[in-house]
**Q** 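Here it is: the structure, laid out below.
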Amino acid sequence: DTGVSQNPRHKITKRGQNVTFRCDPISEHNRLYWYRQTLGQGPEFLTYFQNEAQLEKSRLLSDRFSAERPKGSFSTLEIQRTEQGDSAMYLCASSLGELPNYGYTFGSGTRLTVV
Amino acid sequence: EDQVTQSPEALRLQEGESSSLNCSYTVSGLRGLFWYRQDPGKGPEFLFTLYSAGEEKEKERLKATLTKKESFLHITAPKPEDSATYLCAVQARNPGYSTLTFGKGTMLLVSP
């Protein structure tokens with residue numbers, strides 16, 4: 001297993017379009033997290049899955065954002081009607097168990113640019 | 001609300017010049033404090049977890065320490081390959097016990 005995989009690595013879209021990102025976690029990890037990072041800032045939590053159940057959502061996650069993890073394997077994050085403020089790096093992480101005893105392994109992220 | 005403040009924002013060192021990065025935190029109850037390293041265009045890479053005041057952990061040229069209000073990442077005799085952004089994050093007891101609150105990071109540049 002080569003770690004957490006995110007696709008695409010880069011996405012440029014026009015304002016108002018919908019985009020979808022994919023995250024493939026480490027195969028035995030049952031917890032999956034989405035974070036967003038803008039330039040010069042630390043990552044901000046968006047949402048968390050344990051297996052296929054979405055257990056936590058940040059208030060940052062507006063109605064335009066939706067995340068799924070069907071069958072508890074890969075996850076998708078969709079942003080509808082993108083806005084320029086959505087431009088950021090979207091990071092996915094997975095873990096084998098509960099924090100703090102099991103740390104996150106992050107993917108390399110999907111960089112979204114909304115023009 | 002949980003808060004993490006890192007200083008300095010940026011630090012430039014000569015190779016071999018030791019220094020420390022600071023992470024001050026305010027949380028409702030600390031379950032763990034985490035240090036990550038992030039290279040440009042990459043996701044954060046885990047370095048350490050600290051659980052309670054007085055704890056120390058070491059890895060190569062890095063040593064992390066924890067008090068009740070802050071954590072330090074000491075870098076001894078750094079090399080150019082240590083150049084990266086170092087992120088500090090906290091996990092609070094409640095709520096959001098499965099999530100991390102990150103600081104903005106310290107960008108470290110080590111010159112040969």
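Below, chains carry the letters A, B, ... as their sequence lines are ordered, and counting in each starts from 1.
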**Q** Are A:Val19 and A:Leu61 linked, directly or through intermediate hydrophobic residues, by side-chain heavy-atom contacts shorter than 4.5 Å (ILVMFWY only)?
**A**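 In one cluster: yes.
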
**Q** How about CD1 on A:Ile12, more than 12 heavy atoms from neighbouring residues, nucleotides or ligands closer than 6.0 Å, or not?
**A**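 No.
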
**Q** Would the number of heavy atoms belonging to other residues, nucleotides or ligands and lying under 6.0 Å from CZ of B:Arg12 be above 12?
**A**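 Atom CZ in B:Arg12 is not packed in, count stays at 12 or less.
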
**Q** Of all of A:Gly40, A:Gly109, A:Gly107, A:Gly42, which one pairs up most often with chain B through heavy atoms under 4.5 Å apart?
**A**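 Option with the top pair count is A:Gly42.
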
**Q** Can you tell which part of A:Tyr104 gets under 4.5 Å to a heavy atom of chain B, answering side chain, backbone, both or neither?
**A**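 Contact with chain B is through both the backbone and side chain of A:Tyr104.
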
**Q** Is B:Leu73 linked to B:Leu87 within one hydrophobic cluster, defined over Ile, Leu, Val, Met, Phe, Trp and Tyr using a side-chain heavy-atom separation of less than 4.5 Å?
**A**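 No, separate clusters.
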
**Q** Other residues, nucleotides and ligands only: do more than 12 of their heavy atoms fall within 6.0 Å of CZ on A:Arg15?
**A**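 No, not enclosed.
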
**Q** Is B:Ile75 reachable from B:Leu33 through a run of I, L, V, M, F, W or Y residues, each pair having side-chain heavy atoms under 4.5 Å apart?
**A**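 Yes, it is one cluster - the side chains of B:Leu33 and B:Ile75 are joined through contacts under 4.5 Å.
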
**Q** Hey, is the main chain of B:Leu100 close enough, under 3.5 Å, to the side chain of A:Tyr33 for a donor-acceptor pair?
**A**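 No; zero donor-acceptor contacts below 3.5 Å.
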
**Q** Quick one: which of B:Gly32, B:Gly105, B:Pro44, B:Cys88 has the most heavy-atom pairs under 4.5 Å with chain A, could you say?
**A**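 Looking at each option in turn, the highest pair count goes to B:Pro44.
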
**Q** Does atom CD of B:Glu1 have more than 12 heavy-atom neighbours, drawn from other residues, nucleotides or ligands, at distances under 6.0 Å?
**A**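 No, the 6.0 Å shell around CD holds no more than 12 heavy atoms from other groups.
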
**Q** Group every Ile, Leu, Val, Met, Phe, Trp and Tyr by side-chain heavy-atom contacts under 4.5 Å, then state whether B:Trp35 and B:Phe46 land in the same group.
**A**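 No: no chain of side-chain contacts under 4.5 Å links B:Trp35 to B:Phe46.
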
**Q** Drop me the distance from A:Lys57's NZ to B:Thr99's OG1, to the nearest 0.5 angstrom.
**A**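 So the NZ of A:Lys57 and the OG1 of B:Thr99 are separated by 15.0 Å.
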
**Q** Sequence neighbours excluded, which residues qualify as side-chain contact (heavy atoms from CB on, under 4.5 Å) partners of A:Ser87?
**A**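 Counting only residues at least two positions away or on another chain, A:Ser87 forms a side-chain contact (heavy atoms from CB on, under 4.5 Å) with A:Val114.
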
**Q** Non-hydrogen contacts under 4.5 angstrom with chain B: give the residues of residues 69-82 of chain A involved, or none if there are none.
**A**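 Listed by number: none.
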
**Q** Apply side-chain contact (heavy atoms from CB on, under 4.5 Å) to residues B:Tyr51 and A:Asn101 and explain how you reach the verdict.
**A** CA-CA 9 Å; B:Tyr51 297 92; A:Asn101 298 319; 3.6 Å; yes

**Q** Relative to chain B, which segment of A:Gln37 carries a heavy atom at a distance below 4.5 Å: side chain, backbone, both, or neither?
**A**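 For A:Gln37, the contact with chain B is made by the side chain alone.
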
**Q** Measure the NZ-CG distance between B:Lys42 and A:Leu91 for me, rounded to the nearest 0.5 Å.
**A**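 It is 13.0 Å, given to the nearest 0.5 Å.
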
**Q** Side-chain contact test, heavy atoms from C-beta onward, threshold under 4.5 Å: evaluate it for A:Leu99 versus B:Phe34 and give yes or no.
**A**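 With C-beta onward as the side chain, the pair touches.
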
**Q** More than 12 non-hydrogen atoms from neighbouring residues, nucleotides or ligands closer than 6.0 Å to NZ on B:Lys57, yes or no?
**A**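 Atom NZ in B:Lys57 is crowded, with more than 12 foreign heavy atoms closer than 6.0 Å.
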
**Q** Would one find more than 12 heavy atoms of other residues, nucleotides or ligands at under 6.0 Å from atom CD of A:Gln41?
**A**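 More than 12 within 6.0 Å, yes.
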
**Q** Do B:Phe72 and B:Met107 belong together in a cluster built from hydrophobic side chains that touch within less than 4.5 Å?
**A**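 Shared cluster, no.
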
**Q** Relative to chain A, which segment of B:Gln38 carries a heavy atom at a distance below 4.5 Å: side chain, backbone, both, or neither?
**A**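 B:Gln38 touches chain A through side-chain heavy atoms alone.
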
**Q** Quick check on A:Arg31 against chain B: is it the side chain, the backbone, both or neither that has a heavy atom closer than 4.5 Å?
**A**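 Contact with chain B involves no heavy atom of A:Arg31 at all.
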
**Q** Between B:Tyr36 and A:Phe106, is the ring-ring contact (aromatic ring centres under 6.0 Å, His included) condition met? List the steps.
**A** CA-CA 10 Å; B:Tyr36 285 85; A:Phe106 279 93; 5.7 Å; yes

